Amino acid sequence: MRLLLVEDDDHVAAALSAVLSKHGFEVKHARNGEEALQALLPDDRCTKPPFGVVLLDLGLPDQDGYEVCGKIRKRTSIPVIMVTARADVRSRIHGLNLGADDYVVKPYDTGELIARIHAVIRRPPPGARPESAEPELRLGRVQIELPTRRVSVDGESVQLTRKEFDLLALLAQRPGVVFRREQIISEVWRTSWEGTGRTLEVHVASLRSKLRMPALIETVRGVGYRLVAPAAL
């Protein structure tokens with residue numbers, strides 16, 4: 001699989017490219033945002049397959065990585081993993097709101113990074129859903145259209161990232177039921193990697209903010225999360 005590595009530090013990029021190559025990735029290195037965006041343009045000659053994932057550093061020399069992520073998301077649905085030293089929750093939420101699929105903080109363990117890459121590329125394609133699932137879920141003011149992956153509150157569309165939608169759809173199909181953190185990570189991220197737990201917390205916080213309904217998703221301390229029945233809100 002082809003992977004686009006957006007990193008301005010050549011030494012970091014060389015070391016990471018070597019590791020990724022050993023795990024079967026064909027790495028394309030972009031040193032700034034403009035190079036990254038150019039690399040993602042369609043290949044008119046169709047000589048190479050499209051990229052399967054983007055590893056995006058935020059501290060780029062020509063433009064902020066957040067801006068690059070927003071531009072990527074407008075052009076393509078390719079999974080984006082932000083790799084940065086910005087560890088605060090606000091930065092994580094901002095990145096996920098812009099459409100990033102995951103957020104990895106430096107310094108990181110390369111094994112964790114590889115696991116997260118595989119987690120985002122294993123996700124089902126947009127629009128995929130279990131055959132047994134209802135095509136539409138209505139939860140009070142919230143409407144979830146599973147086939148089109150659209151969410152609206154009081155008729156107003158809400159833009160969610162892939163993982164935010166997957167998380168909301170999972171909880172919404174069984175309102176009131178407590179989902180263990182391990183179960184959510186397994187079903188939404190398709191991994192058992194412990195480091196994903198913090199990403200789960202960030203996605204829950206982002207969902208509460210975007211839906212403007214902080215009480216919709218309840219934290220069950222020491223266990224996990226559940227979606228509160230609309231009548232109880």
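All values below come from the heavy atoms of this structure, side chains included, with hydrogens, waters and symmetry mates left out. Computed from a predicted structure; not experimentally measured.
No hydrogens or angles considered: a donor-acceptor pair under 3.5 Å links the side chains of Asn97 and Ser206.
Atoms CG and CG, from Leu170 and Leu227 in turn, are 10.0 Å apart once rounded to the nearest 0.5 Å. Between Asp57 atom CG and Asp9 atom CG the span is 8.5 Å, to the nearest 0.5 Å. Between Leu56 atom CG and Leu4 atom CG the span is 8.5 Å, to the nearest 0.5 Å. If you take CZ on Arg208 and CG on Leu216, they are separated by 9.0 Å, rounding to the nearest 0.5 Å. In this structure, Ile72 CD1 and Leu98 CG are separated by 11.0 Å, a value rounded to the nearest 0.5 Å. Atom-to-atom distance recorded for Leu171:CG and Ile217:CD1 is 5.5 Å, nearest 0.5 angstrom.
Using a cut-off of 4.0 Å between Lys/Arg side-chain N and Asp/Glu carboxylate O, Lys210 and Glu164 are scored as salt-bridged. Salt bridge present: Arg141 and Asp154 bring a charged side-chain N and a carboxylate O closer than 4.0 Å. A salt bridge does not link Glu145 with Arg149: none of the charged nitrogens is closer than 4.0 Å to a carboxylate oxygen. A salt bridge does not link Asp102 with Lys163: every distance from a Lys NZ or Arg NE/NH1/NH2 to an Asp or Glu carboxylate oxygen is 4.0 Å or more. For the pair Arg92 and Glu201, the salt-bridge criterion is not met [side-chain N within less than 4.0 Å of a carboxylate O]. Salt bridge status for Arg180 with Glu187: absent, with no side-chain N to carboxylate O gap under 4.0 Å. Remark: Glu136 engages Arg138 in a salt bridge, criterion side-chain N to carboxylate O under 4.0 Å.
Here the closest heavy-atom approach between residue Leu60 and residue Asn32 is recorded as CD1-C, 4.3 Å. Closest heavy-atom contact between Leu160 and Leu168: CD1-CD2, 4.0 Å. Annotation for Cys69 and Ala100: closest pair SG-N, 3.9 Å, computed over non-hydrogen atoms. Nearest heavy-atom pair, Gly52 versus Pro79, reported as atom, atom and distance to 0.1 Å: O-CD, 3.3 Å. Contact detail for Pro50 and Arg2: the closest heavy-atom pair is O-CB, 4.1 Å. When every heavy atom of Asp8 is checked against every heavy atom of Pro61, the shortest pair comes out as CB-CD, 3.6 Å.
For the pair Ile81/Ile117, a side-chain contact is recorded, criterion being any heavy-atom separation below 4.5 Å from C-beta on. Side-chain contact between Leu137 and Gln173: present, with at least one pair of heavy atoms (C-beta onward) separated by less than 4.5 Å. Side-chain atoms of Val19 and Leu113, non-hydrogen and from C-beta on, never get closer than 4.5 Å to each other. Using a 4.5 Å heavy-atom cutoff, the side chains of Lys106 and Val83 are in contact. By the 4.5 Å heavy-atom criterion applied to side chains, Leu139 and Pro175 are counted as neighbours. At a threshold of 4.5 Å between non-hydrogen side-chain atoms, the residues Tyr225 and Arg181 count as touching.
One hydrophobic cluster, built from ILVMFWY side chains closer than 4.5 Å, holds both Leu146 and Ile184. With hydrophobic clusters built from ILVMFWY side chains whose heavy atoms lie under 4.5 angstrom apart, Leu3 does not share a cluster with Leu58. Transitive grouping of hydrophobic side chains (ILVMFWY, heavy atoms separated by less than 4.5 Å) keeps Tyr103 and Leu5 in distinct clusters. Follow the hydrophobic side-chain contacts under 4.5 Å out from Tyr108 and you reach Val120 in the same cluster. Val105 and Val80 are members of different hydrophobic clusters when ILVMFWY side chains are connected at heavy-atom separations under 4.5 Å.
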side-chain hydrogen bond (donor to acceptor under 3.5 Å, both in side chains) for Asp101 and Thr161? Distances and angles first, verdict last. CA-CA 7 Å; Asp101 295 84; Thr161 67; over 6 Å; no

Phe51 and Met1: CA distance, side-chain angles, deciding distance, side-chain contact (heavy atoms from CB on, under 4.5 Å) verdict: CA-CA 7 Å; Phe51 290 102; Met1 174 180 289; over 6 Å; no

Would Thr219 and Arg226 satisfy side-chain hydrogen bond (donor to acceptor under 3.5 Å, both in side chains), going step by step from the backbone distance to the final call? CA-CA 7 Å; Thr219 301; Arg226 69 176 174 185; over 6 Å; no

Residue pair His118, Phe25: steps toward the ring pair (Phe, Tyr, Trp, His ring centres under 6.0 Å) verdict: CA-CA 11 Å; His118 285 297; Phe25 292 98; 5.7 Å; yes

Worked check of side-chain contact (heavy atoms from CB on, under 4.5 Å) between Leu55 and Glu7: CA-CA 8 Å; Leu55 294 185; Glu7 169 63 63; over 6 Å; no

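A donor-acceptor pair is defined here as one N or O able to donate and one able to accept, closer than 3.5 Å; such a pair exists between the side chain of His203 and the backbone of Thr199. A donor-acceptor pair under 3.5 Å is formed between the side chain of Asp62 and the backbone N or O of Gly33. Judged purely by atom type and a 3.5 angstrom limit, Asp64 uses its side chain to pair as donor or acceptor with the backbone of Tyr66. With His29 contributing its side chain and Ala14 its backbone, the two residues share no donor-acceptor pair below 3.5 Å. Panel note: side chain Arg75, backbone Leu37; a donor-acceptor pair is recorded below 3.5 Å. Distance alone, capped at 3.5 Å, is enough to place a donor-acceptor pair between the Ser17 side chain and the Ala13 backbone. Side-chain N or O atoms of Arg73 include one that pairs as donor or acceptor with a backbone N or O of Gly99 at under 3.5 Å. In this structure, Glu67 contributes its side chain and Gln63 its backbone to no donor-acceptor pair below 3.5 Å.
Residues passing the side chain to side chain donor-acceptor pair (under 3.5 Å) test with Ser21: none are found, sequence neighbours excluded.
For residues 149-179, no pair satisfies ring pair (Phe, Tyr, Trp, His ring centres under 6.0 Å), with sequence neighbours left out.
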